[in-house]
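Just so you know, ligand 1 is whichever comes first in the structure, and atom 1 is the first atom listed for that ligand. Values below: every heavy atom of this structure, side chains too, minus hydrogens, waters and symmetry copies.
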Amino acid sequence: MSIRQLTTLLKRRNTILLLLCLVAFYLIWFQLAGLRILEGSDGHHSDQWEERVSKELQALRLQASQMREQLTRLGSDPAHWRHADLATIYVVTATHAVPTQKADLVRLMNTLSHVPNLHWLLVEDAAHKTDLVRNLLRRSGLVYTHLNVPTPPEYKLKPTDPRWKKPRGVLQRNAGISWLRENLEIVDANGVVYFADDDNTYSLELFAEMRDLQSVGVWPVGLVGGVMVERPQVTGGRVTGWLTHWRSDRAFATDMAGFAVNVRLFLNHPTALFSLESQRGFLETDLLTQMGVTLDDLEVKADQCTKVLVWHTQTLKADLKIEKQLAKEGKAPSNAGIEV
Ligand code: UGA
Ligand code: MN
């Protein structure tokens, strides 16, 4: 091969290489630009994007859960068939970052996984969603919606405050209610809404009791208000008052765990919400009053309100004094790199 032929060949090869590089560069740039559109300027997924994906995922999860129901019917013992036409139970849970948060959420998640046609609206009391909650929900296999809204500092409990001093979980439950109102295309209008604290103990029978509510269902709550049980007073199958030690004169003297509401009530009363300004112990009464509920509307559950199916258990504040000491001594925390 002559020098001239060689130079022409090299030139041609270089030109081809250059062209290939340009194409590759263009393709990579195009991909990155696409990603940048999906992400916010700080490199994080934008809220809009996250919301869109979350909605799509939600719809897919609902479909998947319906398909699972159908498969269960086909493959299992008929005695365990679930009815695809069960009303959906929307469990709204406020949660906040404390050392015991994950333990509480895992326990609640395990309970909820046994309940068919359930949609968990888990709302973080935080300015941003956390990976801890995000990962827990992703692994849960449940139908869920992950939301967040921070409680303003002036309404937050200080570490030394007694827990009754400020209402807890108010804006978070409201975020759940608003989500239901804003997502009518996927919300089951026959569904039922239940406000479940992350640290209570729930029997599976409770969910069966609330499933078919048409208005507001009520039942006893164990270990609350300083007594073994608080419960509605039932006479002739109707609620006639409240058997509580504290303020039984409230219109609805029930703990949050003692009632569930048909979704339609929230749709028919589009402004009804929990209030940060409610007097201590009046969150529940104030909400139900806004929806025009009367004692006559209450559906008596749990065997005429004689059975306890939910307990207002409260998680002990974690004792971390050694952890604090380690920090003082400049030593690594016991959980360095480990999610607890
Ligand atoms: C009792 C009732 O069971 C609650 O439903 C009610 O909100 C509360 O009283 C009240 O009066 O506000 P209690 O066990 O004392 O509940 O409250 P927590 O369990 O400490 O809080 C209720 C829910 O709000 C929990 O799911 C908790 O994780 C959440 N929370 C608590 C927040 O989202 N942010 C907080 O700063 C504190
Ligand atoms: Mn609690």
Participant: Centroid separation under 6.0 Å, is that true for the rings of W120 and H146?
Facilitator: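 Ring centroids of H146 and W120 are no less than 6.0 Å from each other.
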Participant: Which is closest to atom 4 (C) of ligand 1 in terms of heavy atoms, D104, T151, D197?
Facilitator: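 Nearest option to atom 4 (C) of ligand 1, by heavy atoms: D197.
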Participant: Going by the order shown, which atoms of ligand 1 are within less than 4.0 Å of some heavy atom of K156?
Facilitator: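 Near K156, the atoms of ligand 1 are 34 (N), 35 (C), 36 (O).
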Participant: Can you find an N or O of D198 that's nearer than 3.5 Å to an N or O of ligand 1?
Facilitator: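 Between D198 and ligand 1, an N or O pair is found under 3.5 Å apart.
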Participant: Relative to W246, does R280 satisfy both conditions: NZ or CZ under 6.0 angstrom from the six-membered ring centre, and within 45 degrees of the ring's axis?
Facilitator: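 Verdict for W246: a cation-pi partner in R280.
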Participant: Can you pull out the closest protein heavy atom to atom 18 (P) of ligand 1? Residue, atom name and distance to 0.1 Å, please.
Facilitator: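 Residue, atom and distance for the closest contact: R163 NH2, 3.5 Å.
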Participant: Which of the atoms in ligand 1, numbered in the order shown and given with their element, are less than 4.0 Å from a heavy-atom of D199?
Facilitator: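 Ligand 1 atoms under the 4.0 Å threshold to D199: 19 (O).
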Participant: Which option wins on minimum heavy-atom distance to atom 34 (N) of ligand 1: L283, D125, V149?
Facilitator: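 Looking at heavy atoms only, the winner is D125.
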Participant: Would you mind telling me which of T100, D198, D197, D104 makes a side-chain hydrogen bond (donor to acceptor under 3.5 Å, both in side chains) with T315?
Facilitator: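 The option that passes is D104.
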Participant: Which single N/O/S atom of D199 lies at minimum distance from the Mn ion (ligand 2)?
Facilitator: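 Closest N, O or S atom of D199 to the Mn ion (ligand 2): OD1.
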Participant: Taking non-hydrogen atoms only, is D255 closer than 4.0 angstrom to ligand 1 via side chain, backbone, both or neither?
Facilitator: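 Near ligand 1, D255 shows its side chain, while the N, CA, C and O stay back.
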Participant: Do any heavy atoms of R173 fall under 4.0 Å from ligand 1?
Facilitator: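 Under 4.0 Å: yes for R173.
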Participant: Please list the nearest protein heavy atom to atom 26 (O) of ligand 1 with its residue and the distance rounded to 0.1 Å.
Facilitator: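 Answer, as residue, atom name and distance: A94 O, 2.6 Å.
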Participant: Give the residue, atom name and distance (to 0.1 Å) of the protein heavy atom nearest atom 17 (O) of ligand 1.
Facilitator: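 Checked against all protein heavy atoms, atom 17 (O) of ligand 1 sits closest to R168 NH1, 2.9 Å.
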Participant: Can you see which heavy atom on Y194 is nearest to which on M256, and at what distance?
Facilitator: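 Residues Y194 and M256, closest heavy atoms: CE1-O, 4.2 Å.
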Participant: Any idea which atoms of ligand 1 are less than 4.0 Å away from a heavy-atom of Q314?
Facilitator: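 Counting atoms of ligand 1 from 1, those under 4.0 Å from Q314 are 13 (P), 14 (O), 15 (O).
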Participant: Under 4.0 Å from any heavy atom of T95, which atoms of ligand 1 are there?
Facilitator: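 So the answer, numbered in order with elements, is 28 (O), 33 (O).
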Participant: Among protein heavy atoms, which sits nearest to atom 1 (C) of ligand 1, and what does the distance come to when rounded to 0.1 Å?
Facilitator: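 Heavy-atom neighbour on the protein nearest atom 1 (C) of ligand 1: H312 NE2, 3.6 Å.
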